[in-house]
Amino acid sequence: MRRGAGRARYAKEDVLSILDAGLIAHVGVSTSDGPLVLPMAYGHDGECLFLHGAVANHLLGTGAGQEVCVTVTCLDGLVMARTPFHNSMNYRSALIRGTARRVDEDERKGYALKLVTDHVVENWDSGRPPSPSDLRKTLVLEVPLTEASAKIRNGDPVDEPQDIAGPWWAGVVPVVTRFGSPFASADLTADSSPPNPVIALSGLTPEERCNRKGG
Ligand SMILES: Cc1cc2nc3c(=O)[nH]c(=O)nc-3n(C[C@H](O)[C@H](O)[C@H](O)COP(=O)(O)OP(=O)(O)OC[C@H]3O[C@@H](n4cnc5c(N)ncnc54)[C@H](O)[C@@H]3O)c2cc1C
């Protein structure tokens with residue numbers, strides 16, 4: 001990392017803690033029509049990041065066997081400086097680059113899909129198990145976490161020394177993501193409650209959810 005290198009972290013724990021707390025990955029690939037970046041769910045096991053989609057998925061199909069770039073960002077605050085020129089954001093951001101491998105082995109595919117599912121909401125074991133046809137229709141890619149960096153900004157704005165005593169307000173507006181209470185689907189006929197891990201999410205931030213999982 002060249003610009004803002006003081007905020008760069010290459011420690012794997014930093015990258016993994018951002019992947020744990022994040023919910024959306026922005027996945028970038030080079031296509032014959034130019035670059036394409038799309039938001040996606042993801043999972044990881046500390047060694048690889050996993051992505052999934054339909055077998056017809058254009059981005060994943062193009063990315064298989066290619067160099068891809070994946071970013072995950074957690075927004076923590078809007079940083080307001082004395083001059084808008086120094087406004088910023090508090091954030092934790094991870095970037096992974098690597099060659100995406102298409103996962104075709106059934107066992108590894110099931111392993112990856114459980115990780116992606118449970119990273120978003122833990123219900124792989126409480127929902128209907130996937131059928132062989134579900135698995136055939138799903139494309140899974142894995143990207144090694146060997147080339148990864150994290151960038152983290154927190155704290156106050158950084159103003160010009162001569163502006164500090166000025167009349168302008170400076171500070172931080174926190175941004176907090178929190179899970180709400182689950183509500184049943186309008187067509188729910190099963191006489192069942194949400195699974196316990198889903199009920200337990202209510203009121204938590206993604207970071208609090210990681211701490212509860214111990215991950
Ligand atoms: C929070 C979130 C999570 C998601 N998780 C997944 C996931 O885990 N797996 C998955 O397969 N898909 C996921 N999606 C949908 C994903 O972003 C793509 O829309 C989808 O994968 C289709 O990709 P494709 O390359 O086949 O698109 P195509 O159908 O080939 O797209 C054609 C064109 O449509 C436009 N387009 C496609 N997707 C988007 C988009 N999201 N926003 C704006 N324009 C778009 C672009 O111009 C694109 O070139 C998620 C979307 C969101 C917002």
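Counting starts at 1 for both ligands and their atoms, following the listed order. Computed from a prediction, not measured in an experiment: that's the story for all the values here.
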Item to complete: Determine whether L75 and M80 fall in the same hydrophobic cluster, where Ile, Leu, Val, Met, Phe, Trp and Tyr are linked whenever their side-chain heavy atoms lie under 4.5 Å apart.
Response: yes
Worksheet item: Should I152 and V72 be counted in the same cluster of Ile, Leu, Val, Met, Phe, Trp and Tyr side chains packed under 4.5 Å apart?
Response: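 Same hydrophobic cluster.
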Show me the donor-acceptor pairs within less than 3.5 Å that the side chains of residues 39-56 make with the rest of the protein, sequence neighbours left out.
from: Y42; atom 1: OH; to: L19; atom 2: O; distance (Å): 2.7
from: Y42; atom 1: OH; to: G22; atom 2: O; distance (Å): 3.0
from: Y42; atom 1: OH; to: H119; atom 2: NE2; distance (Å): 3.3
from: H44; atom 1: ND1; to: G46; atom 2: N; distance (Å): 2.9
from: H44; atom 1: NE2; to: D20; atom 2: OD1; distance (Å): 2.7
from: D45; atom 1: OD1; to: E47; atom 2: N; distance (Å): 2.9
from: D45; atom 1: OD1; to: C48; atom 2: N; distance (Å): 2.8
from: D45; atom 1: OD2; to: Y111; atom 2: OH; distance (Å): 2.7

Worksheet entry | Partner set under side-chain contact (heavy atoms from CB on, under 4.5 Å) for E105, not counting sequence neighbours |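 Partners of E105 under the side-chain contact (heavy atoms from CB on, under 4.5 Å) test: R101, V103, R108.
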Item to complete: Could you tell me which non-hydrogen atom of V15 sits nearest to which non-hydrogen atom of S149, and how far apart they are?
Response: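 Scanning both residues completely, I find the closest heavy atoms to be CG2-C, 3.8 Å.
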Using atom types as modelled, flag every donor-acceptor pair under 3.5 Å from a side chain in residues 163-170 to any protein atom, sequence neighbours excluded.
none

Worksheet item: Which parts of the protein, at residue level, reach under 4.0 Å of ligand 1 through a heavy atom?
Response: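 Within the 4.0 Å shell of ligand 1, which is judged on heavy atoms, sit I24, L36, L38, P39, M40, A41, H52, G53, N57, H58, L59.
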